[in-house]
Amino acid sequence: MKIVRYILMPVYRVWFYVLVGLPIVVLMPLLILTTISEKTYNWFFKLARLWAAIVLYGMGFFPKIKRLAKMDPHQSYMLVANHTSMTDIMMMLLISKNPFVFVGKKELAKIPLFGFFYKRTCILVDRSNPKSRKAVFDRARQRMEDGVGICIFPEGGVPDDTSILLDTFKDGAFRLAIEHQIPVLPVTLFDNKKRFPFEFFKGSPGKMRAIVHPSIPSTGMTLQDDKVRFRESVRQIILQSLEQGS
């Protein structure tokens, strides 16, 4: 079985990048038109959700999303989730019909085709540059003022130690939520690491489960009094779900 896996997994990985790139090529004219202005971002977001579905189902992944509460279609959210796989991006796009933008590492902008639209629509952060981190906050504030939500993976990246169930959370998402008094929407992704991990010869088709927890309002909170407690309470929600496995 190991020999078969070593033969098939490179093909499976290449197929993933074909699925990422091919819809972008086909949809290129529409994608360019919808990224000309921030006013057309909602249309781009609809196309991005279609792209995400093509990638996930094309890989043989079957999203199973359990919603513990409905999202208000007129509300902007700060979406936060555990981060274990490149497929986390696609799952988050399927989870929310409310338009949002990702805050993510600038290195992804180097991926051919995908990177072109990633850097035009997402908020890029260079974690080694303090000025970049400040620019991220400024840009995120602007997008939230436009009525667009934000999605941040608050672990700040995928832990190098694959045995870590959930790494510590950084402050950024919770600081922004409190400053703008928008609710945080915790999401637990259960199977992305199993289905498509960063370890090259691991992964398989199958179910991709997620739980969308009830949103947590930040109304009345202050940075000084509530940021740390807020951050840790959200982390605890996701951690408990991961430990329970459902």
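Side chain of Gln181 to main chain of Ile178: a donor-acceptor pair is present (N/O by atom type, distance under 3.5 Å, no hydrogens or angles). Side chain of Asp167 to backbone of Glu155: no donor-acceptor contact under 3.5 angstrom is found.
Leu185 pairs with exactly one of Pro214, Ser215, Cys151 by the side chain to side chain contact (heavy atoms under 4.5 Å, CB included) rule, that one being Ser215.
Thr87 places none of its side-chain heavy atoms less than 4.5 Å from the side chain of Arg195. The shortest distance between side-chain heavy atoms of Thr222 and Asp225 falls below 4.5 Å. Residues Leu79 and Ile150 are not in side-chain contact: their nearest non-hydrogen atoms beyond the backbone lie 4.5 Å or more apart. Between Ser85 and Lys193, the closest side-chain pair of non-hydrogen atoms is not below 4.5 Å. For the pair Ile95/Arg67, a side-chain contact is recorded, criterion being any heavy-atom separation below 4.5 Å from C-beta on. Between Thr40 and Leu33, every side-chain heavy-atom pair lies at or beyond the 4.5 Å cut-off. Residues Tyr41 and Lys46 form no side-chain contact, since every pair of their non-hydrogen atoms from C-beta on lies 4.5 Å or further apart. Inter-residue side-chain proximity for Met92 and Phe102 is flagged as met; some heavy-atom pair is nearer than 4.5 Å.
Here ring-ring contact (aromatic ring centres under 6.0 Å, His included) pairs that include residues 210-233, with residues two or more places apart or in two chains, are Phe174-Phe230. Sorted by first then second residue, the ring-ring contact (aromatic ring centres under 6.0 Å, His included) pairs that include residues 71-93, not counting sequence neighbours, are His83-Phe153.
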Side-chain donor-acceptor pairs of residues 49-60 under 3.5 Å, sequence neighbours excluded:
from, atom 1, to, atom 2, distance (Å)
Arg49, NE, Leu93, O, 2.8
Arg49, NE, Ser96, O, 3.2
Arg49, NH2, Leu94, O, 2.9
Trp51, NE1, Val20, O, 3.0

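For Asn192 against Asp88, the heavy-atom pair with the smallest separation is ND2-OD1, 2.9 Å. Shortest non-hydrogen contact noted between Met91 and Pro63 is SD-CB, 3.9 Å. Annotation for Phe44 and Leu31: closest pair CE1-CD2, 3.7 Å, computed over non-hydrogen atoms. Annotation for Asp146 and Glu38: closest pair OD2-OE1, 3.3 Å, computed over non-hydrogen atoms. Gly203 and Pro197 make their closest contact through CA-CD, 3.8 Å (heavy atoms, listed as atom of the first residue, atom of the second, distance). The two residues Phe117 and Thr121 come nearest to each other via the heavy atoms O-OG1, 2.7 Å.
Residues Ile182 and Leu223 fall within the same hydrophobic cluster, defined by Ile, Leu, Val, Met, Phe, Trp and Tyr side chains chained together at heavy-atom separations under 4.5 Å. Using a 4.5 Å cut-off between side-chain heavy atoms of Ile, Leu, Val, Met, Phe, Trp and Tyr, with links allowed through other members, Phe198 and Met90 fall into the same hydrophobic cluster. Residues Trp15 and Phe201 fall within the same hydrophobic cluster, defined by Ile, Leu, Val, Met, Phe, Trp and Tyr side chains chained together at heavy-atom separations under 4.5 Å. A continuous path of hydrophobic side-chain contacts links Val101 to Ile32 [ILVMFWY only; heavy atoms under 4.5 Å]. Cluster membership for Phe62 and Ile211, using ILVMFWY side-chain heavy atoms within less than 4.5 angstrom, is not shared.
With salt bridges taken as basic N to acidic carboxylate O contacts below 4.0 Å, one links Asp171 and Arg231. Between Glu179 and Arg175 there is a salt bridge, since a side-chain N of the basic residue sits under 4.0 Å from a carboxylate O of the acidic one.
Aromatic rings from Phe100 and Phe45 are positioned such that their centres are separated by under 6.0 Å.
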Let me see the working for Leu30 and Leu47 under side chain to side chain contact (heavy atoms under 4.5 Å, CB included), right down to the final yes or no. CA-CA 8 Å; Leu30 290 174; Leu47 293 172; 3.8 Å; yes

